[in-house]
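Please read these numbers as outputs of a predicted model, since none were measured by experiment.
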Amino acid sequence: MTAAASGPVFSLRDIPFSYRGSWFGFSPVVAEKIYAEDVHLVSHQTGMHPILKLIPTAGAAITATPYQLTWAGEHGRIDLAYENADTVRVRGDGLGLRLLAADPVLTPFSGPYLYQDPVDGSFVFTVYQTGRRYRITILAGRPGHLGAQALGNAERGLVLDAEWEIAIEEYETARAHYTSADTFEQVVKAARADFDAFVAAVAPWRSERTPAAELAAYVLWSATVRPAGFVTRPAVLMSKHWMDKVWSWDHCFNAIALAGGLPDLAWDQFHLPFGHQDHAGALPDSVTHSEVLYNFVKPPIHGWALRHLPPADPGVYPLLERWTAFWLEARRAPGRELPHYQHGNDSGWDNATTFDPERVVETADLAAFLILQLRRLARLAPDPDTSARWSAQADRMRDALLAELWDGERFVARGVLSGRTWSSSSLLDLMPIVLGEELPQPIRAALAARIRRHLTAFGLATELPDSPHYLDDGYWRGPVWAPSTVLIEDGLRRAGYADLADEISARFRMLCEKSGFAENFDARTGEGLRDRAYTWTASAYLILAAAHERRAASGAVTGPTAATSG
């Protein structure tokens, strides 16, 4: 049998085993925060749905690497590898497998149905939840089967013993009989080559100083899906756990991480939400296989993101123009220069304390992002007059931000309907540091000093740790997050605070090396929280590690290379 492939080893409870382009993966995580006892084939077509459970017939330990999943026990082993995006090969030597439908109940509107296809002898599950079929072709061995053609409540599946091999495919209605000339070893070798090429492209700078780079690349590679449904381009989902969508700011960080080595895939990430831009110019809140949501939006960081991407094609300008016009026309109250959010969700910082007094608010982060976006439009504009118009609009918004939301010591938020202002202990209030050199020096200094107060041993807490509103697992009321880290680190560097930026980068990188690529992290302990296989976290690590390695190579590192408490 094939030996377990080398490479980063990970826990399936944290990161699913999947493959570039596939809409399914293998994991015990079967729903939000729900962990099954056994590994399941989980599909993300039409949502997150556990389809099949894989139960070895004797005890076995599981090892997962980017290109092979192995159960090994006293009686033998089972190996699983992807042959392509919709097909896996599985084989056993001395260790049997019960391959069963995850849901035992078939109703007229839900559940699985199993039959043996008289055309080719394969066994096929049709599953209401995804509307897809799952075909098991026997390549070696003589399986037993359970519940073929059964209705209602029944155990459905195959039982494999001794030496056996199967192929499992996900498809729509019909396809040619499965055949393959490749041995299992060749399947593993090809999967490894695909992953290795991806790593070489996105992290050519990796070394022993960046020990999490390969696993970060795997999180991105394995969370990528081929175009299907509303996902019209190859897309990096936020996760192949329950956060299986593309949100309209998350995609920017993935695009930046991919830009250096895979520019076409990077531009696919940037463009994807713009394919669903509405008549007002707004981007959707999120896009996934069978759903596009518009009930909220996400912050306009796209002008900032373009600073970190390869030169834009001419088609970017009208998209960015319409997105910016949405904020200027639909999100500014009459007579107001500054735009507003309608809810914390619009900011991406859903429950940040900035939004505690009121939800419909003008905030300094939103104005700062739009100033950067207006500056980018000025650079991309097709003619000098249009460029000058965008520059003038950026100047007016910057002046209004400083005149109306800077109180002499800090930035405040303002209720659009009430007119009252307030400050909070949220890191969101300090986000205008993204303006960097465009801010007056005294404001830069004040922001940098306040940002340092948020810096724990593990990175930037999104709520001051000594705030009465701080919660260890409080979503945006305490935990360390990747996007805020990248945005603030970049802004500090451009504002002239490279030492502090280096410290923030080092602590976040060490956090990922310690705790993986969770959605967010406990700012006091560094423990990973929520979804544990989050691509923008992996991308943040790659972005910061690549930049640090470039500075080290050029002798431009000005701060620490290891995390220290503070």
Side-chain angles (χ1 to χ4, degrees), residues 297-301 304 327-328 331-374 393-455 460-470 474-478 481 483-484 487-488 491-492 495 497:
V297 292
K298 285 293 173 277
I301 67 166
W304 168 84
W327 290 98
L328 299 180
R331 289 296 184 91
R332 290 200 293 188
R336 303 298 306 156
E337 184 65 39
L338 298 176
H340 60 266
Y341 294 129
Q342 295 174 343
H343 186 279
N345 289 1
D346 285 342
S347 74
W349 294 52
D350 308 3
N351 66 333
T353 52
T354 300
F355 302 99
D356 280 359
E358 298 178 31
R359 261 60 64 193
V360 182
V361 291
E362 296 169 355
T363 63
D365 69 294
L366 175 54
F369 292 142
L370 275 174
I371 292 165
L372 293 177
Q373 195 148 295
L374 290 161
Q393 176 68 72
D395 290 344
R396 289 195 301 273
M397 189 166 292
R398 179 201 57 209
D399 293 346
L401 168 65
L402 299 180
E404 299 178 30
L405 297 185
W406 179 255
D407 70 1
E409 296 183 357
R410 61 192 305 164
F411 282 107
V412 298
R414 177 167 49 205
V416 180
L417 299 174
S418 69
R420 65 177 178 137
T421 61
W422 61 87
S423 60
S424 80
S425 47
S426 174
L427 185 65
L428 183 62
D429 293 4
L430 309 179
M431 193 54 72
I433 195 66
V434 296
L435 288 171
E437 66 282 1
E438 189 157 348
L439 290 170
Q441 178 55 42
I443 295 180
R444 286 186 248 169
L447 290 175
R450 289 185 181 275
I451 288 168
R452 185 172 286 279
R453 292 181 58 203
H454 285 260
L455 187 57
L460 291 171
T462 45
E463 180 76 9
L464 275 177
D466 59 2
S467 162
H469 305 293
Y470 176 93
Y475 222 51
W476 292 96
R477 301 169 82 94
W481 283 80
S484 50
L487 286 161
I488 286 176
L492 284 167
Y497 291 87

Value rounded to 0.5 Å, distance of CG in L487 from CD1 in I301: 5.5 Å
Check: T462 side chain, G478 main-chain N or O, donor-acceptor pair, under 3.5 Å: yes
Residue pair L370 / L366, side-chain heavy-atom distance below 4.5 Å: yes
Gap between atom CE of M397 and atom CG of L402 - 0.5 Å precision: 12.0 Å
Listed partners of H343 passing ring-ring contact (aromatic ring centres under 6.0 Å, His included), at least two apart: F296
Any donor-acceptor pair under 3.5 Å from R331 side chain to P339 backbone: no
D350 to W476 - nearest heavy-atom pair and separation: N-CD1, 3.5 Å
Sequence neighbours excluded, every pair satisfying ring-ring contact (aromatic ring centres under 6.0 Å, His included) that has a member inside residues 409-444: W406-F411
Partners meeting salt bridge (charged side-chain N to carboxylate O under 4.0 Å, His left out) with E337 (sequence neighbours left out): R332
Min side-chain heavy-atom separation V434-D365 under 4.5 Å: no
D346 side chain to Y341 backbone, donor-acceptor under 3.5 Å: no
Interatomic distance, Q393 atom CD to I371 atom CD1 [nearest 0.5 angstrom]: 10.0 Å
Side chains of I443 and L435 in contact at under 4.5 Å (non-hydrogen atoms): no
Rounded distance (nearest 0.5 Å) linking atom CD of E362 with atom CG of L401: 10.5 Å
Salt bridge (Lys or Arg N to Asp or Glu O under 4.0 Å) pairs, two or more places apart, involving residues 417-428: E358-R420
Non-neighbouring partners of E463 that pass salt bridge (charged side-chain N to carboxylate O under 4.0 Å, His left out), sequence neighbours left out: none
Residues which pass side-chain contact (heavy atoms from CB on, under 4.5 Å) with R410, listed by chain and number, not counting sequence neighbours: D407, S423, R450
For N351 against G474, the heavy-atom pair lying closest together: ND2-O, 3.0 Å
Partner set under salt bridge (charged side-chain N to carboxylate O under 4.0 Å, His left out) for D356, not counting sequence neighbours: R477
Heavy-atom side-chain contact between T363 and L428 under 4.5 Å: no
Point-to-point distance, once rounded to the nearest 0.5 Å, from CZ of F355 to OG of S347: 3.5 Å
Flag side-chain contact, heavy atom, 4.5 Å: T421 against E404: no
Minimum-distance pair of heavy atoms, taken over all atoms of P300 and F369: O-CB, 3.5 Å
Test item: W349 and S484 side chains (from C-beta on) under 4.5 Å apart, heavy atoms: yes
P468: side-chain contact (heavy atoms from CB on, under 4.5 Å) partners, not counting sequence neighbours: none
For A449, side-chain contact (heavy atoms from CB on, under 4.5 Å) partners two or more places apart: none
Residues in side-chain contact (heavy atoms from CB on, under 4.5 Å) contact with D395, at least two apart in sequence or another chain: R375, R398
For E409, all residues meeting salt bridge (charged side-chain N to carboxylate O under 4.0 Å, His left out), sequence neighbours excluded: none
Residues forming a ring-ring contact (aromatic ring centres under 6.0 Å, His included) with Y475, sequence neighbours excluded: W481
Nearest heavy-atom neighbours spanning L447 and P432: CD1-C, 4.2 Å
